[in-house]
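Both backbone and side-chain heavy atoms feed into the values below; hydrogens, waters and symmetry mates do not. The sequence lines fix the lettering, A, B, ..., with proteins before strands; numbering per chain opens at 1. As the structure is a computational prediction, the values presented were derived from the model and not from experiment.
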Number of protein chains: 2
Amino acid sequence: MSNNTRNVPKATLQRYPVYLKALRQLKKQGLERILSDELSKHVQIKSTTIRRDLSFLGTLGKQGYGYSIDKLIDVFNEKLGTEFDEKIILIGAGNLGSALMHYNRWNYVVGEISCAFDVDPNKLQMKYDVPVYPMDELEERIPKGCRIAILTASSNVQKTVDRLAACGIKGIVDFTHEHIQVPEGVNIKQVDVVSAIQELVFETNEMNV
Amino acid sequence: MSNNTRNVPKATLQRYPVYLKALRQLKKQGLERILSDELSKHVQIKSTTIRRDLSFLGTLGKQGYGYSIDKLIDVFNEKLGTEFDEKIILIGAGNLGSALMHYNRWNYVVGEISCAFDVDPNKLQMKYDVPVYPMDELEERIPKGCRIAILTASSNVQKTVDRLAACGIKGIVDFTHEHIQVPEGVNIKQVDVVSAIQELVFETNEMNV
DNA sequence: ATAATTCTGTTGAATAATTCACAACGTATG
DNA sequence: CATACGTTGTGAATTATTCAACAGAATTAT
């Protein structure tokens, strides 16, 4: 009933990207509406949890009909601010960084990589339409209003994080294998194969006890 | 007090990799012991939560002294089965796959990539000491006892997942942007920049309401 | 139209996770 | 060896999350 997005539980917030991804896929398949029960089968989350999660964003479904997929996607964009215009910077233009610049196909999804930075002078060339600047020039080249950085460089990690925070970065997607600390108010998401594998191994072993 | 790892809460299981990573870093810095309060500052998790989490693995700390870092790391390895010998396969030898084969430095951490598979005949060459086989040969080439697969290929994703499950894969680290469904008993971990960015954007916006 | 059906939104109960508070124990000190 | 101190491990209390059950709104069928 509330019209803003205050007080959305953390657990719910973490499920939104899952819904959004599934919805985009369903739309691509030509579907126009979906029931919470059907969506449940796709994302393996109980339908009642889905309905509750969505209810935080407004009264979106219709009884006896379900949800309009387009409407849901729109609401995610409007209310949660994924308005395609997020400016993202990339730190590190190595193998992984290149892969990310390459599938810069999150155009129309969250935003796009505005520019990249690297310490290696050999890597300072435009790649897949993304300019690569020297790491030294971070403070002057960083786009106005940029909040999100993707960190793939693995030297001087902690120092780099501190510089990013000083530049006003509010969220860091961290691909490094280091453990790093962030100042208050900065959010970090690990995107780490090793940790992911560990979690899988832990959970797989648990299941066999 | 329990000597096995039964009934470890899911939330706890997800924090273990965080602890492990921080502990390895502290060890590298030459530290030998740590208090739950100190560790708390590093990982931003309340010390009381840390103590409870660790207590599921046995009685590891000493009152008035803290925890031995070496001992903790050993316990994670022993009790949770990260015994360095996990055989991992990689599906897709493109940019991202190459990056993963390159920092195959999870030797001594979880295991190693035994081999990779790709549909593209041009990519079927040994890369960073990892052999790359044709996708067709998955069923015959997959190592015995292999439980974990890393999925970076982005064509025929769902079909590939089904084949992996049929081969006995129990955990999939998923780098694709697709939404995929897994059969009962198979665990999946998304390692997705886009979803990570979305979560960051969602949470960053939340904080400013 | 009207009635039957379907599926949402939400209440309240059950379960899970976190945090508090402190007794018990190991260490350090004299 | 005894005493003081500091930190763990853990019941009990609190908070967060999930889940079941159902009233009621919108659709569909007649």
Side-chain angles (χ1 to χ4, degrees), chain A residues 1-19 23 26 31-72 75 79 199 202-203 206-207, chain B residues 1-19 23 26 31-72 75-76 79 199 202-203 206:
Chain A
M1 193 130 296
S2 148
N3 197 37
N4 62 27
T5 57
R6 214 181 301 258
N7 295 333
V8 180
K10 263 172 68 175
T12 296
L13 224 41
Q14 298 188 141
R15 282 188 293 265
Y16 283 155
V18 178
Y19 299 145
L23 289 167
L26 290 165
L31 245 66
E32 285 179 4
R33 63 166 162 160
I34 187 137
L35 310 179
S36 61
D37 251 355
E38 292 167 0
L39 187 55
S40 168
K41 284 189 200 108
H42 282 274
V43 298
Q44 332 252 36
I45 295 169
K46 287 234 164 62
S47 64
T48 178
T49 303
I50 293 177
R51 291 204 298 276
R52 145 92 39 149
D53 283 349
L54 295 179
S55 77
F56 290 110
L57 301 174
T59 304
L60 305 172
K62 285 182 190 166
Q63 284 91 335
Y65 175 94
Y67 299 86
S68 149
I69 290 178
D70 271 331
K71 183 167 175 188
L72 279 188
V75 168
K79 300 235 174 177
E199 271 185 72
F202 290 178
E203 286 169 20
E206 270 293 296
M207 283 166 26
Chain B
M1 190 129 297
S2 148
N3 197 38
N4 63 28
T5 56
R6 214 182 299 260
N7 295 334
V8 180
K10 263 172 70 173
T12 295
L13 225 41
Q14 297 187 143
R15 283 188 292 266
Y16 284 153
V18 178
Y19 299 146
L23 289 168
L26 290 165
L31 244 66
E32 284 180 3
R33 62 166 162 161
I34 187 136
L35 309 179
S36 61
D37 250 356
E38 292 167 0
L39 187 55
S40 169
K41 284 189 199 107
H42 281 275
V43 298
Q44 334 251 41
I45 295 169
K46 286 236 165 60
S47 63
T48 177
T49 303
I50 293 177
R51 291 204 297 277
R52 181 169 301 274
D53 283 350
L54 295 179
S55 78
F56 289 110
L57 301 174
T59 304
L60 306 172
K62 286 182 188 169
Q63 284 91 335
Y65 175 94
Y67 298 86
S68 150
I69 290 178
D70 271 332
K71 183 167 174 187
L72 280 188
V75 168
F76 275 118
K79 301 237 173 177
E199 273 185 70
F202 290 177
E203 286 170 21
E206 271 292 298

Rounded to whole Å, the CG-P distance (B/Leu13 to C/dT18) equals 12 Å
Please determine, for C/dT6, whether a Watson-Crick or G-U wobble partner exists with both distances under 3.5 Å, and give it or none. D/dA25
State which of D/dT28, D/dT18, C/dT18 makes the closest approach to the side chain of A/Arg33. D/dT28
The answer to which of A/Lys62 and B/Tyr65 contacts DNA chain D further toward the 5' end, by nearest nucleotide, is B/Tyr65
Could you list the residues that satisfy salt bridge (charged side-chain N to carboxylate O under 4.0 Å, His left out) with A/Asp37, not counting sequence neighbours? none
Looking across every strand, which nucleic acid part, if any, lies under 4.0 Å from A/Ser36 by heavy atom: base, sugar-phosphate, or nothing? sugar-phosphate
Check every atom of D/dT17, C/dG9, D/dG9 against the side chain of A/Tyr67 and return the nucleotide holding the closest atom. C/dG9
Between D/dT18, D/dT17, C/dG9, spot the one nearest the side chain of A/Gln63, thanks. C/dG9
Short side-chain N/O contact to D/dC19 OP1/OP2 from A/Thr49, under 4.0 Å: yes
Could you tell me whether A/Leu54 contacts a base, only the sugar-phosphate backbone, or nothing, with contacts defined as non-hydrogen atoms closer than 4.0 Å? nothing
Counting distance alone, no hydrogens or angles: does the base of D/dT7 have a donor or acceptor under 3.5 Å from a partner atom on the side chain of B/Arg51? no
Any side-chain N or O of B/Lys46 below 4.0 angstrom from OP1/OP2 of C/dT18? no
Tell me if the CD atom of A/Glu32 is crowded by more than 12 foreign heavy atoms within 6.0 Å. no
Rounded to whole Å, the CG-P distance (A/Asp53 to C/dG9) equals 12 Å
Heavy atoms, side chains only, cut-off 4.5 Å: are B/Phe56 and B/Asn7 in contact? no
Look at the side chain of A/Thr48 and decide which nucleotide, out of C/dA28, C/dG9, D/dC19, has an atom nearest to it. D/dC19
Side chains of B/Leu57 and B/Phe76 in contact at under 4.5 Å (non-hydrogen atoms): yes
